[in-house]
Structure formats: structure tokens, C-alpha cells
Amino acid sequence: MNASTPTSAETLRRTLGGLLDGLPPKQATAAVERLIANYRGQTPTDAPVLRDRSDVAAYAAYRMPATFEAVRSALDGLAEAAPDWAPGSHVDVGGGTGAATWAVDATWDGPRQTTVLDWAEPALALGRELAAASTSEALRAAAWRRAVIGSGLTLPEADLVTVSYVLGELTAPARAAVVAEAARAGQAVVLIEPGTPEGYLRIREARDQLIEAGLRIAAPCPHDGTCPIEVGQDWCHFSARVSRSSLHRQIKGGSLPYEDEKFSYVAATRFPTEPAASRITRRPQIRKGLVLLELCGPEGSGLTRVNVTKRQGDLYKAARDADWGQAWPPAPQPQPQP
């Protein structure tokens, strides 16, 4: 991409900038507060969460940047495990205004057939509008189709199926049906949920279902075995940095220009991948001459803590630069040719 060409994230932020023009602040605030309750899993349902244009505008301005960054981080995990693969087709289940579709576009170049499915027509309408403002040919050509997300869902076969921030809105039977259909239709499946204990449990349950359906885990887990985390004691989640919009500041207050979006995810495929040897499961703790890493390692090794000291040279430097969610150890850097 040319340095002067805006990235997908920049284009999305710019396009979202004027969404709330003309929407009364109190109405936006009320819509956001109700959506936050659904996002946190307090009101699971089998009906659309986004009801009208006001809901959709509030959702897109408030949640879409965070969803985009979380999904892009999850997709990075898949891309690292399958560096020579790129999806030629993508189905975004419950895609709403298309945050995951934008994240796919930011992760892989090239032509792509994209279908966004959602049960809320106002969300699909706004998604089309946002995509039309993109410089991406794949986004502008995406198909936006209304579908009931739940039991009875039928998906077209695709290289990649994404289901982001949707499972928590569904009843348990509908959730199992959606995961089963994603596993049937997709060569690769990426599921993302909020980084809460409840969101993690939904991902853990779906992970088991994907493995039972014959898929192999590509990320974040280093293996297809049982998750080593003891339920109720901890949960697996990661973090993505998000620039705060004016609506974020209006609703939440505070002065920081960013916030961290916590999310849980799983990526699974029907083709060979190279999962991480280990995954950093917490923010590295940097101390004088020492970096403490918490890792999820190969099957059977469970969760471990590793101290990387200054005496370890380049590995210590890599540990100081390492971030939560990254693979460990770092891949060897190519040496310059003499």
C-alpha cells in the first residue's frame, strides 16, 4: 500500500465520523447503554439487537472501531499460522455494519467475494453505505443479505467464515447451530467474543465443537487438546488498542485518546497451519534485567511462567518488545546476505 493511501482503519474512522450528525445526544446515549448490556451478555436473546437507524448509528460509532481492532487482531493470529494463505471468499455471519469485513480487508490483499449476513436490515443498509465510501474494491462489491442468525441458518461455502460478537446474543441451541454451520461451510472459521469470563466460555465451547467437526486449531492455542485453564479460576482473553471516538468520551468520560478492547477468540481450519509454539497469555511484566512471560504451551505443558533475563541477549530484547497475545518464541529474523 502506498504511504499516501489511507488504511482501512483510517477510512473507517473517517467514514464513521459524521454518523451521529442530527442524532440527539440523549438518544445516542440510551441506545449505547442498551447495546452495552447486550454486548456484556446480560440479555441473551433470539431477536435482533439493532432495532432501527438510531441503534445502528450509535452501535457503529461506538462499537465498530473496537470490533474492527479485535477481529483484526484475531485474524492476525490466523494469518501468522497460515502465511501463504489468503481467503478468496468470506462470509461474515451476523456481520451487522461490517466491522469484520473491514478487518478481513485490512488483513489480506487481493480479490475477494464477500457476503455479510445479518437479521437487522438497518444494520445492513448502513454497512452498504460505509462500504461504498471505501477505497477497497472488495468492500464495495460485498453482498449484504438479510438472514435469521440461529437454528436453520444455511451458509454458502467459503474460504473464511467469521462470527464476531454474535454468539452471546443467541440462545444455547442457536449458538450450537451457528457454530456447526460455520464449521461445515468454512475452510477457515474465526470466532470472536468479548473478553469476559462468559465470552471465553462461549469460545471454549465453540472450540470443542470445531475440533469435533474435524477442524484443527490455528490460533491462539498452540494445540488441539483440552484448554489448560481451570474454569472459574481464569479465562483466556487478549487486548487490542482502540482510538476513542467523541461518543466514547461522551458516554464513558475520561481524557485518554484510546482504550483497550478485551476479546476472546479461536481460529480453526481444514487445511494445514503452523500454530504458535507458545502464546503469551498476559501482558509481559518488565522488571530490571528481567521480563516475566505467562505462556500457554504445547499440549501437556499447560500454563507456564518463563523468566527471560538480560543475559539471554537477543531473546531478552525480543521479550521486552513482546506483547500480550503474540507467539513465543519470536520467529528467527532473516540474516542479511554478505
Side-chain angles (χ1 to χ4, degrees), residues 70-93 100-101 103-115 138 155-164 167 178-193 200 203-229 236 238 263-281 295-304 318 322-323 325-335:
V71 176
R72 185 166 66 168
S73 293
L75 295 175
D76 283 344
L78 173 57
E80 289 168 3
D84 298 323
W85 176 85
S89 55
H90 170 219
V91 174
D92 187 10
V93 178
T101 299
V104 169
D105 194 69
T107 306
W108 290 285
D109 294 325
R112 187 168 48 255
Q113 180 183 358
T114 299
T115 303
L155 301 178
E157 293 186 0
D159 292 337
L160 173 65
V161 175
T162 56
V163 188
S164 59
L167 299 180
V178 167
V179 174
E181 181 61 8
R184 182 202 64 79
Q187 290 298 305
V189 177
V190 180
L191 311 175
I192 304 98
E193 282 289 290
Y200 158 69
I203 290 295
R204 179 171 173 145
E205 180 183 69
R207 176 185 184 272
D208 291 343
Q209 194 176 345
L210 292 173
I211 293 171
E212 289 174 4
L215 281 73
R216 303 294 301 272
I217 303 303
C221 319
H223 59 79
D224 295 329
T226 301
C227 177
I229 293 176
C236 180
F238 303 96
F263 64 98
S264 296
Y265 81 99
V266 63
T269 68
R270 292 193 178 277
F271 51 84
T273 62
E274 298 179 7
S278 295
R279 181 78 60 182
I280 301 173
T281 59
L295 303 174
C296 179
E299 185 173 2
S301 67
L303 302 173
T304 60
D323 201 1
Q326 288 184 353
W328 186 263
Q333 297 299 311
Q335 296 299 315

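What you see below is based on every heavy atom in this structure, not just the backbone, and it leaves out hydrogens, waters and symmetry mates.
- By the 4.5 Å heavy-atom criterion applied to side chains, Phe238 and Ser73 are not counted as neighbours.
- Checked by atom type and distance alone, the side chain of Ser164 never pairs as donor or acceptor with a backbone atom of Ile192 at under 3.5 Å.
- Counting heavy-atom neighbours within 6.0 Å of Glu274 CD, excluding the residue itself, gives a total of 12 or less.
- Looking at every heavy atom in both residues, Ala183 comes nearest to Leu215 through O-CD1, 3.9 Å.
- The distance from atom CG of Leu210 to atom CZ of Arg270, rounded to the nearest 0.5 Å, is 9.0 Å.
- Between Ala318 and Pro330, the shortest heavy-atom contact is CB-CG, 3.7 Å.
- Between the side chain of Asp224 and the backbone N or O of Ile217, at least one donor-acceptor pair lies under 3.5 Å.
- Residue Cys296 forms a side chain to side chain contact (heavy atoms under 4.5 Å, CB included) with just one option from Ile280, Thr281, Ile229, Thr304, and that option is Thr281.
- Minimum interatomic distance between Ser89 and Ala158 (heavy atoms only, all atoms of both residues): OG-CA, 3.4 Å.
- A donor-acceptor pair under 3.5 Å links the side-chain atoms of Arg279 to the main chain of Gly325, judged by distance alone.
- Separation of atoms OG1 (Thr114) and CG (Asp92) is listed at 8.5 Å; rounding is to 0.5 Å.
- With salt bridges taken as basic N to acidic carboxylate O contacts below 4.0 Å, none links Asp159 and Arg112.
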Apply side chain to side chain contact (heavy atoms under 4.5 Å, CB included) to Thr162 and His90, showing your working.
CA-CA 8 Å; Thr162 56; His90 170 219; 2.8 Å; yes

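- A 4.5 Å side-chain heavy-atom check between Val163 and Val179 finds every atom pair outside the cut-off.
- Between Arg184 and Leu155, the shortest heavy-atom distance links the atoms NH2-O, 2.8 Å.
- Annotation: ring-ring contact (aromatic ring centres under 6.0 Å, His included) contacts of Trp108 (sequence neighbours excluded): Trp85.
- Taking every heavy atom of both residues into account, Trp328 and Ala322 meet most closely at CZ3-CB, 4.3 Å.
- Between His223 atom NE2 and Ser301 atom OG the span is 6.5 Å, to the nearest 0.5 Å.
- The closest donor-acceptor contact from the side chain of Arg207 to the backbone of Cys221 lies at 3.5 Å or more, if one exists at all.
- Taking each heavy atom of Glu193 and Leu167 in turn, the nearest pair found is OE2-N, 3.1 Å.
- The side-chain heavy atoms of Thr107 and Leu78, taken from C-beta on, include no pair separated by under 4.5 Å.
- Atom CD of Gln113 is surrounded by 12 or fewer heavy atoms from other residues, nucleotides or ligands within 6.0 Å.
- Remark: Ser278 OG to Leu303 CG distance equals 10.5 Å, nearest 0.5 Å.
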